Structures are given as C-alpha cells and as structure tokens.
There are 2 protein chains.
Amino acid sequence: MKSDKISEAVVRRLPVYLRFLNDLQNREILTVSSQELGQKLDLNPAQIRKDLAYFGDFGRKGIGYDVTYLIEKIRHILKLDQQLNVALVGAGNLGHALSNYNAYLKDTMKITAIFDSYAPKVGRKINSLTVQPMDELGSTIREQGIRIAIITVPDSEAQNVADILISSGIEAILNFAPVILKTPPNIRVHAADFTTDLQSLAYYLRDGKEESEHEQQ
Amino acid sequence: MKSDKISEAVVRRLPVYLRFLNDLQNREILTVSSQELGQKLDLNPAQIRKDLAYFGDFGRKGIGYDVTYLIEKIRHILKLDQQLNVALVGAGNLGHALSNYNAYLKDTMKITAIFDSYAPKVGRKINSLTVQPMDELGSTIREQGIRIAIITVPDSEAQNVADILISSGIEAILNFAPVILKTPPNIRVHAADFTTDLQSLAYYLRDGKEESEHEQQ
DNA sequence: TAGATTGTTAATCGATTAACAATC
DNA sequence: TAGATTGTTAATCGATTAACAATC
C-alpha cells in the first residue's frame, strides 16, 4: 500500500538499507530477502518489509528483493536520483573534515560551496572549493540551486547562520552546532550533535554495585 | 518513582536538558518550569516532567526546578560527575576536528589519547596530544582507565578497530564510520554517521506536484 | 508440487500526552 | 488563600512484531 504519512523512523532506516544494498551490489549479489537484510542490519524482517511496502511492491514472493532494482527505488524515494548540491557554512576543522566525504556521497550529493564569515579564511582552498564570504551565500545558493545546507559554525553563530540560510531559500539543514535551532515548520532540521551522543553514551557505562541492574540493551 | 528500565529516548534527551540548563545557569536564572523547558526545547512539558521523575523528585510543586540542583542531578545520572577519559582512533580530519571539542566537553569528558595505524601520522601532535600507534592502545586504555572510544577511521577498518577496542576493555563506542558494527550486547554503540543524516534529509525536500502532500513535520 | 518469502492485517508493545490531585 | 506547577495515573497514539494468505 502506497503513501499515508511516512514516519521519520522509516525514513531514517532507508539510507541504512541503501548503504547495505550498495555493498551487496559491489559483491555482485543479485537478490536479498528481508530476513538476510534484518540479520545484517539488526532489524526485524517484518519491519523491513513493512518499511519498503509503504513505497511500493518492490519484492517478489518466494524470491526476495532484486538488489539493483531496490537500490534504484530507494534512491528515488530519497531523491538521490538527482544531483543535490549542498552548501557548507563554517570552514573550520569539522567543515574541512566533512568536505572530504564528497567522494563517498558520489555524484548524487555533493558539497559544492563553502562559506565562512571569518575574513582570513575566505579565499582559501578546501578540496578544490574556495571558501566564500557570507555575503555571497544568497547568490551562490540561487545559482547552484542549493537546497540543503550543513552548519559547522560555533554554536553562538548557528542560529544566525540558519536564519540567513532560510531567507536564502534553503529547505533542509544538517546542524552540527550543539544548539536547538528555531526554524519555520517547513524547514527540515536534523541535529548531528556528537556531544549529545557522547554524553548519552556515558549513561550506559557499567558501574559496579548499585546500578548494575540497568541492562545495557 | 525511581528506576524501572529507562528507555533510550529518555536517556538521549537528558544531555539536551543539561545543555539548556547550563545555559540558564550562565544567565544566572535560578529556577525553570517544565513548561519553559518544553517551549525552548520543543518538547511536551509532561514528557520532561516524566523523564526527570524516573530518576527522582527533582522539582518543587508550584515552583519548578532549581537550575543548579537539576544540573547536578542530571550530571550524576549521566555519570558526568566524574572525569571520563575518551580514546579517539583515527587521526584524520574528522578525528582532528573532534579533538577540538575538548574545551566544550569541559573537564568531565575529555579525549586523552589518539591512535592511528598509519605510521607517518604516529608521533604528530594534535592539540597537545601525541598520536600513538595502535599497538599502544591496550596499555594506554588500561593506564588511563579509558572506557569510551570514538572511531573515526575509514569504514573498511572500523570493525577491526572496534574488535581491538572491545578486547582492550572499552565499554562504549561512538562510531563515525558508516558501517554497522557487530559487537557483544554489553558494549554500547552509538552511530554518528552523518551520511545517513544527510540522505534522510533529502527525503524531505519539497518537490512540486506529485508528492507535495507529505507534510514535513 | 514443496519451499520460500512477500505484502498486509491484527496483536503487541512502548512512548507520548492529557488530566488532575497534591502541594509549594 | 489563590495561582502555579509538580509527580503520576490513565488515555492516546504510534511503532514494532507476529502471523498468515497469496504467490513466486
């Protein structure tokens, strides 16, 4: 059955499926079942079948899923079957690191513009991209048809940068700054804040006596 | 009411509360209600009260929560009231970037050792830490009492590094490599894979006609 | 045909939210 | 006292899992 509203949990699993399917394709495996998929990805096979069935009948009863076909379908669902240019704001160490992932993201998604407000950084080259000043942001976004931005500026600047991005027409933001951005409801924001990840990880450390009853899942 | 098993969703919100409370403390605000908290963090006030109540009665009816007291409590729950040393494996760009967050994490969590398997990187300095070879990993982890590790190596090496870390006694891993690590159930792993974030973000891009009915939440 | 595996409905489980008595 | 706000129970909502008919 098609459409309904798709939950965020489902959407977040799709890239995970895609990544593993690409792997299978590289190993020239033609077909995969929800059971194998579930085993490798630590997910319930019924969940995988259900996730995929939201978008169409991609499998064949008795057979499983054709790897190449499913890749194509998921890429389409995620809109990765078109070139998506990404802007990166904040040319610090983290921004620098992320721009290296261009190769991994292949042709479909690519950081094609880097901005920084700090004058001495402007004009420097990062992997063949030249760091641009913030006042070129609007025009570059329009020219390159950029719809997604990554924020890697210090937290004190993040909200301001987000506001500028949004007024320049950006639709989605991946925010690495450890702050909660206030944005209009039609802008999609994902938090990629590793300090939160790290701190929640500490909770699960074992600690001798009194709390050894929380089973770490 | 104390204990029960705490869900992961609850644990992941605690660092978010903590971050905002630190903010309030810096602004010398003494007290906060679940309503204000909910407003700023985009969460339901009842959820916040319930989350906190799992761990104790931290609030005062009619008043709210004492900021300083609540910070202290959450820090204790997350085990951030002790020094936690963190190992970082992979001295590439991303590893380099993360080591800069030491200042942000304050005294409680700190990257205190960096490892890399690539000989020319060994011996280099990154923010006052010297990159160590992989064969010093076990001894350093023991000496420094390190219990948490961050993996920032290429995906092809990630599983191998994880195995080494686990056999050296690490309890929790923050994994930046875009692979699903196979680990024993008593090891806590959080995925910090920004390629997944980015790809799921693309799903929510607007696209003219046929799919304009998925409301982006 | 027999075995495998999907798509889907129904059952279960868990998390979020509403409501309110207790109380500062 | 009146107003505010907690902690907690009950209601709701949503997501996961089990089960199975359909079918390759």
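What you are looking at is a predicted structure, and each value in this text was computed from that prediction instead of being measured.
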Exercise. Give me the residues of residues 25-41 of chain A where at least one heavy atom lies under 4.0 Å from an atom of DNA chain C, by number, or none.
Key: A/Ser33, A/Ser34

Exercise. Give, for atom OG1 of A/Thr112 and atom CD of A/Gln83, the distance between the pair rounded to the nearest 0.5 Å.
Key: 7.5 Å

Practice problem: Run the salt-bridge test on B/Asp23 and B/Lys40 with the 4.0 Å N-O cut-off and return the result as yes or no. | Solution: no

Self-check item: Under-4.0 Å side-chain N/O to phosphate OP1/OP2 contact, A/Tyr65 with C/dG7
Solution: yes

Self-check item: Pairing annotation in dot-bracket form, given for DNA chain C with Watson-Crick or G-U pairs under 3.5 Å and | for cross-strand partners
Solution: ..||||||||||||||||||||||

Quiz item: Hey, does the side chain of A/Thr140 reach the backbone of A/Leu137 with a donor-acceptor pair shorter than 3.5 angstrom?
Solution: no

Quiz prompt | B/Leu181, B/Val179, B/Leu174 screened by side chain to side chain contact (heavy atoms under 4.5 Å, CB included) with B/Ile151, the one that passes | solution = B/Leu181

Quiz item: Roughly, in whole Å, what's the span from CG in A/Leu52 to P in C/dT8?
Solution: 12 Å

Practice problem: Specify the separation, in whole Å, of atom OH of B/Tyr54 and atom C1' of D/dT9. | Solution: 12 Å

Quiz item: So, A/Glu8 and A/Arg12, do they make that salt bridge, N to O below 4.0 Å?
Solution: yes

Practice problem: Produce a footprint string for nucleotides 17-24 of chain D: one letter per nucleotide, 5' end first; B if the base is under 4.0 Å from any protein heavy atom, S if only the sugar-phosphate is, - if neither. | Solution: BBB--BBB

Exercise. Verify whether one side chain among B/Asp51 and B/Gln47 offers a donor that lies under 3.5 Å from an acceptor in the other.
Key: no

Self-check item: Nucleotide nearest A/Asp57 when distance is taken to its side chain, options C/dT16, D/dT16, C/dG7
Solution: C/dG7

Quiz item: Could you give the distance from CD (B/Gln199) to OG1 (A/Thr108), rounded to the nearest 0.5 Å?
Solution: 6.5 Å

Quiz item: Do the side chain of B/Lys79 and the main chain of A/Tyr203 share a donor and acceptor less than 3.5 angstrom apart?
Solution: yes

Exercise. May I have the distance from A/Phe58 (atom CZ) to C/dT8 (atom P), rounded to whole angstrom?
Key: 11 Å

Quiz item: Can you tell me how far P of C/dT16 sits from CG of B/Asp42, to the nearest Å?
Solution: 14 Å

Quiz item: Rounded to the nearest 0.5 Å, what separation is found between the CD atom of A/Gln159 and the CG atom of A/Asn175?
Solution: 9.0 Å

Self-check item: Main-chain N/O of A/Pro178 paired to B/Arg19 side chain as donor or acceptor, under 3.5 Å
Solution: yes

Practice problem: Verify, without hydrogens or angle tests, whether B/Asp116 (side chain) and B/Ala91 (backbone) share a donor-acceptor contact under 3.5 angstrom. | Solution: yes

Quiz item: OP1 or OP2 of C/dA15 sitting under 4.0 Å from any side-chain N/O of B/Arg13?
Solution: no

Quiz item: How many Å lie between NZ on B/Lys5 and C1' on C/dG14, as a whole number?
Solution: 12 Å

